[in-house]
Novice: 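Once you've had a glance at the structure underneath, I'll fire off some questions.
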Amino acid sequence: MADQARARKLAKRISQIVASALEHEVKDPRLARVTITDTRVTGDLHDATVYYTVLGEKLDSEPDLAGAAAALEKAKGVLRTMVGQQTGVRFTPTLSFVTDTVPEAARQMDELLAKAREQDAEVARLASGAEPAGEADPYKAPREAEEAD
């Protein structure tokens, strides 16, 4: 079993090779807006999982995730060959492509934080004019009988 440092270095190199190949070598228009975000390699260096995101044509348009997945599946053999040629490892890892969910999760987290800020502002607004429910000084003074003892 290889050490983790070697697996991390290989994963980083695979990310660079695949990203460069998608930009310069593979001529599929469905891959024009694909960005490689991360790569993970198993401990035995036999399998690599490449995470990617797809951007839409415009900011408000939905990305073509199915088209990008199909194009990556089609180009998998070429990309694996390029990884094998440029890494020099004995066994070229198999490549699997997975859509990265981090941007979607970050967007959801931003929405939840904005909602929490709105609710905090509402609570602060309601609390600004509030008065205590009981007496102004809720702490009772010690009884004089207790002090005499």
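Atoms considered below: every heavy atom in the structure, side chains included; atoms not considered: hydrogens, waters and symmetry mates. Predicted model only: the values in this text are computed from it and were never measured.
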Novice: Check side-chain contact (heavy atoms from CB on, under 4.5 Å) between A5 and all other residues, then give those that pass, not counting sequence neighbours.
Specialist: D3, R8
Novice: L113: which other cluster members, linking ILVMFWY side chains closer than 4.5 Å, directly or transitively?
Specialist: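 For the cluster that includes L113, the remaining residues are M109.
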Novice: For T37, which residues count as a side chain to side chain donor-acceptor pair (under 3.5 Å) partner, sequence neighbours excluded?
Specialist: D100
Novice: Does one hydrophobic cluster hold both L55 and L65, with members joined at side-chain heavy-atom distances below 4.5 Å?
Specialist: no
Novice: When rounded to the nearest 0.5 angstrom, what is the spacing between CG in L79 and CG in L72?
Specialist: 7.0 Å
Novice: What pairs with K74 under salt bridge (charged side-chain N to carboxylate O under 4.0 Å, His left out), at least two apart in sequence or on another chain?
Specialist: none
Novice: For the atom pair CZ (R40) and OG (S96), what is the distance rounded to the nearest 0.5 Å?
Specialist: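 It is 12.0 Å, given to the nearest 0.5 Å.
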Novice: Among residues at least two apart in sequence or on other chains, which ones pass salt bridge (charged side-chain N to carboxylate O under 4.0 Å, His left out) with R33?
Specialist: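 Checked R33 against salt bridge (charged side-chain N to carboxylate O under 4.0 Å, His left out); matches are E57.
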Novice: Kindly write out the residues that satisfy side-chain contact (heavy atoms from CB on, under 4.5 Å) with A69, not counting sequence neighbours, or none if the list is empty.
Specialist: Y52
Novice: Please list every donor-acceptor pair under 3.5 Å in which a side-chain atom of residues 15-25 meets a protein atom from a residue at least two apart or in another chain.
Specialist:
residue : atom : partner : partner atom : Å
S15     : OG   : A11     : O            : 3.2
S15     : OG   : T39     : OG1          : 2.5
Q16     : OE1  : R13     : NH1          : 3.4

Novice: Is V50 reachable from V102 through a run of hydrophobic residues whose side-chain heavy atoms are each under 4.5 Å from the next?
Specialist: no
Novice: Does V98 sit in a hydrophobic cluster with other residues, and if so which ones, taking ILVMFWY side chains as linked at heavy-atom separations under 4.5 Å, directly or through other members?
Specialist: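 Y51, listed by chain and number.
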Novice: Tell me the closest heavy-atom pair linking G67 and R30, and the distance in Å.
Specialist: O-CD, 3.6 Å
Novice: Can you check side-chain contact (heavy atoms from CB on, under 4.5 Å) on L95 and I14, steps first, answer last?
Specialist: CA-CA 9 Å; L95 301 178; I14 289 172; 4.2 Å; yes
Novice: Does anything in residues 111-121 form a side chain to side chain donor-acceptor pair (under 3.5 Å)? List the pairs, not counting sequence neighbours.
Specialist: R107-E111
Novice: With a 4.5 Å limit on heavy-atom distance, are the side chains of T99 and T53 in contact?
Specialist: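 Not in contact.
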Novice: In the hydrophobic clustering (ILVMFWY, side-chain contacts below 4.5 Å, transitive), which residues join L112, or is it alone?
Specialist: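 Its cluster partners, ordered by chain and number, are none at all.
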Novice: Going by the ring pair (Phe, Tyr, Trp, His ring centres under 6.0 Å) test, which pairs reach into residues 97-125, not counting sequence neighbours?
Specialist: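 Qualifying pairs: none.
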Novice: List the atom pairs, donor and acceptor, that lie under 3.5 Å between side-chain atoms in residues 84-94 and the rest of the protein, sequence neighbours left out.
Specialist:
residue : atom : partner : partner atom : Å
T87     : OG1  : V83     : O            : 2.7
T94     : OG1  : H46     : O            : 3.4
T94     : OG1  : D47     : OD1          : 2.5

